[in-house]
Amino acid sequence: MRNQRLPILPLHRDDLPVDTIELARFMIGKYLVHDLPEGRISGRVVETEAYPVGDSTSHAFMGRRPHNGSMFLAPGHAYVRLTYGLSYMLNMSAEAEQTGAGILFRAIEPLEGLAFMEARRPGAPLRDLARGPGRLTMARGIGPSFDGHDLCTGRGLWIGVIEQGEASVGVTTRIGLSREMHRPLRFFEPGSAFVSGPRKLLLTPHSRA
DNA sequence: GCAAGGATATTCT
DNA sequence: GAATATCCTTGCA
């Protein structure tokens, strides 16, 4: 157990890039925090994917539906959805309100609250605790009740930052899709062991998508 | 270190 | 009925 908290500061909605792809890149190296009565869970975001407007693989592609309304909220709201009948995915809305777009959190490097996460994923080694979108939500106990939650409040489940400035970011195509496979919309922290899937660079760090 | 196959719920590219 | 933003186990190299 850690006595001293990491100096994570909440991200305000105005701090977030409005553009979906820029937001997905921006979130690499930021922090996902969950304050609970039992203590704090936190981790460093090391892998994301962008699901921009007009992308046929986006859950918002066919317009607003009862299940995808959170993707149409102002930037920084959680969109939680079940895939393959087993795994919940944690996403965050992007673009202006009324516009359906978002980014998917694919992996985090667990930092605080390790005991909490290990209890939810018995037997998993530290490296695999939150490596993959389904594992991430499992380890952190994130389910459908978080759909629509505002991640910019600095309370409950929220996003934050420690380091200022831009992190080095790798880019590849997204994972698990059968369409739009060519688009370089997956972002990750180069060299991190907590990234799921390929860690070979498509584009050089700091290049724009 | 891969590759293949099964489980499972919701939507309808 | 088919597809899906996945994970786990088993088997093989």
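Values below: all heavy atoms of this structure, side chains included; hydrogens, waters and symmetry mates excluded. Every chain is numbered from 1, with letters handed out A, B, ... down the list of sequences.
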Interatomic distance, A:Phe61 CZ vs C:dT4 P [rounded to whole Å]: 14 Å
Donor-acceptor pair, side chain of A:Glu109 and main chain of A:Val46, under 3.5 angstrom: no
Distance in angstrom units between A:Arg131 CZ and C:dC7 C1', rounded: 12 Å
Residue whose closest nucleotide on DNA chain B lies nearer the 5' end, A:Met62 versus A:Thr83: A:Thr83
Pairwise side-chain contact, A:Thr173 with A:Met181, heavy-atom cut-off 4.5 Å (strictly under): no
Partner of A:Tyr79 by side chain to side chain contact (heavy atoms under 4.5 Å, CB included), out of A:Met89, A:His67, A:Met92: A:His67
Close side-chain approach of A:Ser58 to A:Met71, heavy-atom, < 4.5 Å: yes
Side-chain ion pair, A:Asp150 and A:Arg13, N-O less than 4.0 Å: yes
Distance in angstrom units between A:Leu82 CG and C:dA3 C1', rounded: 14 Å
Sugar-phosphate only, base, or nothing, as touched by A:Arg106 at under 4.0 Å among non-hydrogen atoms: sugar-phosphate
Protein-nucleotides 8-13 of chain C N/O pairs under 3.5 Å:
from  : atom 1 : to       : atom 2 : distance (Å)
C:dC8 : OP1    : A:Arg121 : NH1    : 2.7
C:dC8 : OP2    : A:Arg135 : NE     : 2.8
C:dC8 : OP2    : A:Arg135 : NH2    : 3.0

Main-chain N/O of A:Tyr88 paired to A:Thr137 side chain as donor or acceptor, under 3.5 Å: yes
Separation of C:dT6 P from A:Leu86 CG (nearest whole Å): 11 Å
Phosphate contact (C:dT4 OP1 or OP2) by A:Arg179 side-chain N/O below 4.0 Å: yes
The single option from A:Arg106, A:Lys30, A:Arg199 passing salt bridge (charged side-chain N to carboxylate O under 4.0 Å, His left out) against A:Glu47: A:Arg106
Min side-chain heavy-atom separation A:His34-A:Ser42 under 4.5 Å: no
Side-chain heavy-atom pair A:Leu82, A:Ser87 within 4.5 angstrom cut-off: no
Touch class at under 4.0 angstrom, heavy-atom based, for A:Thr57 against every strand present: base
Boundaries of the DNA chain B segment in contact with chain A, non-hydrogen, under 4.0 Å: B:dA7 to B:dT13
Cation-pi check, A:Arg186 onto A:Phe188 ring (under 6.0 Å, within 45° of axis): yes
Close side-chain approach of A:Arg183 and A:Asp55, heavy atoms under 4.5 Å: yes
Secondary structure string for DNA chain B (Watson-Crick or G-U under 3.5 angstrom, | for other-strand pairs): |||||||.||||.
Atom-to-atom span, CD of A:Glu47 to P of C:dA5 - whole angstrom: 15 Å
Sugar-phosphate, base or nothing in reach of A:Met92, heavy atoms under 4.0 Å: nothing
Atom pair distance, as rounded to whole Å: NE2 in A:His67 and C1' in C:dA3: 14 Å
A:Tyr51 OH to C:dT4 C1', straight-line distance once rounded to whole Å: 11 Å
Donor-acceptor pair between A:Thr57 and A:Glu180 side chains, under 3.5 angstrom: no
Whole-Å distance separating the CD atom of A:Glu49 from the P atom of C:dT4: 14 Å
